[in-house]
Amino acid sequence: MKKSLILVGTQWGDEGKGKIVDYFSSKYNAVCRFQGGHNAGHTIYQDKKKFVLHLIPSGIFYDHVQCFIGQGVILSLDSLLKEIQEIEEKGISLHGKLKISRYCSLLLPIHAKIDQLREDNKNAIGTTRRGIGPAYEDKTARRSIKAFDLENEEVLKKKVIDLVDYYNYQINTIHKAEEFDADLVFTELLSNYEKASKYFGDVTDSLEDIYESGEAILYEGAQGTLLDVDYGTYPYVTSSNTLATSVGIGSGFPKSIFSDVLGVAKAYTTRVGEGPFPTELFCQDGSKIADIGNEYGATTGRPRRCGWLDLVALKYSAKLNNLTSLCITKLDVLDSFKKLKVCVGYEIDGKEVPFKSRLLHQAKPKYKTLNGWSSSIKEAKNFNDLPKEAKKLIEVIEQFTNVPVSLISNGPNRDDLIHR
Ligand code: IMP
């Protein structure tokens, strides 16, 4: 029986997962998101048109794929409906193809407002300002409005009043900003629900049916390992567990954890927002990577910080996710570099230290320098078509992480992929 696959980011997000999920979606009949929210931005090129998906799984462009949003996802109905509209306007039907868990916690405009007000103060994290943190806080604090609450107006009204009261107090006393109106929040929710209700259902049951019928499922991770709320560079992280192991909770289907795990990593490193980044480049090499790699956030448009590939962090991710293979993306971005560096260790005060998030801001990278290939690899179709220097880089990654590289992306288009 074909095994299910969990696809996760191994760095600080933006590893190019969209294209890779899109590629794998053609080979699975079901794709499921299991954590995060519309802070994700998965870019896909379909018939030369660019799509950025934030909530809807990347399999949506294939007729045969059923898409699921599990209850680990924090759901903005505004964002969902906007995305549905954009996809349908391009002539792609979602009819019968999308199912969202009734147990999802909702992200409301009030969460985004609170996120923005906090980010405008000191100690900013550099969030996407979309309300992800406050919405996950509400879930843990047991005051979330769940999608199923939308089915009962009386219950919904009470929960909305309580939630708006809770936040208006903060808005008033701490931020001195404009309060929210509970009636308006309530009416907007009902109006959104009218349009979205047909998409809600029991995701656990559907995944179980698909699995029991012998079909494999693709689980689409968002953000990256180093942004995991427990194992990432806390507090400069997102508010969900981004690791492959969170798939059982987030999808509601426990057998999902017995899947293969493909980790996606760029051939270099980027990060948006604040937080430690040992291999960050402040010289021309950094801006060269940013320009060639078009390193601007898919969700927020913010420029990304760029640096060399950090193998220590990648090995940490490989272990935490129990990776069975790796996909290296954007290898072509390094085409014109005469020399490349990869980080193979960290030092603090001359002493070698492991990846420890609380020490990372002090860690000085130790590099291994490799020869570049100084030619275009765009036309390469097989591993053997790659210049020997590019092959060497891949082999160094494998040896250091002890994970085989099964896939290499050498351009933005769907078929710019090398299988190994
Ligand atoms: P939040 O998820 O919006 O709360 O942002 C927390 C941190 O995670 C910030 O540094 C964001 O830039 C980062 N982040 C969240 N989502 C993504 C993503 O999809 N790609 C890259 N970084 C992300």
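Just follow the structure's listing: the first ligand is 1, and inside any ligand the first atom is 1.
Within the 4.0 Å heavy-atom cutoff, Asp115 does not count among the residues contacting ligand 1. Heavy-atom separations between Arg130 and ligand 1 are all 4.0 Å or longer. Using a 4.0 Å cutoff on heavy atoms, Arg302 counts as a contact of ligand 1.
Under a 4.0 Å criterion applied to the non-hydrogen atoms of Val237, ligand 1 contributes the atoms 6 (C), 7 (C). Close contacts between ligand 1 and Trp12 involve ligand atoms 21 (C), 22 (N) [criterion: under 4.0 Å to a heavy atom].
In this pair, Phe200 and Tyr193 present their aromatic rings tilted. The plane angle is within the 30 to 60° band.
Residues Ser251 and Ser256 share a closest heavy-atom pair of OG-OG, 3.4 Å. Listed here is the closest heavy atom pair of Val203 and Lys99: CG2-O, 3.8 Å.
Ligand 1 has no nitrogen or oxygen under 3.5 angstrom from a nitrogen or oxygen of Ser239. Among the atoms of Arg271, none of the N or O lies under 3.5 angstrom from an N or O of ligand 1.
Contact annotation: for Tyr236 versus ligand 1, there are no heavy atoms closer than 4.0 Å.
Evaluated by nearest non-hydrogen atom to atom 9 (C) of ligand 1, the leading choice among Ala40, Gly126, Gly41 is Gly126. Selection from Leu227, Thr238, Asn39 by nearest heavy atom to atom 23 (C) of ligand 1 gives Leu227.
A side-chain N or O of Glu89 and one of Gln85 form a donor-acceptor pair less than 3.5 Å apart. A donor-acceptor pair shorter than 3.5 Å cannot be found between the side chains of Tyr231 and Asn321.
Considering only non-hydrogen protein atoms, atom 17 (C) of ligand 1 sits nearest to Gln223 CG, 3.5 Å. Among all protein heavy atoms, the one lying closest to atom 5 (O) of ligand 1 is Thr127 CA, 3.3 Å. The nearest protein atom to atom 10 (O) of ligand 1, hydrogens excluded, is given as Val272 O, 3.2 Å; this is a heavy-atom distance. Of the protein's heavy atoms, Thr128 OG1, 2.5 Å lies nearest to atom 3 (O) of ligand 1. Here the protein heavy atom with the shortest distance to atom 20 (N) of ligand 1 is Asp14 OD1, 3.0 Å.
Side-chain atoms of Thr225 come within 3.5 Å of backbone N or O of Gly9 as a donor-acceptor pair.
Under the 4.5 Å side-chain criterion, counting only non-hydrogen atoms from C-beta, Ser409 is in contact with Leu417.
Checked for salt-bridge contact, Lys2 and Asp260 miss the test: no charged N lies under 4.0 Å from a carboxylate O.
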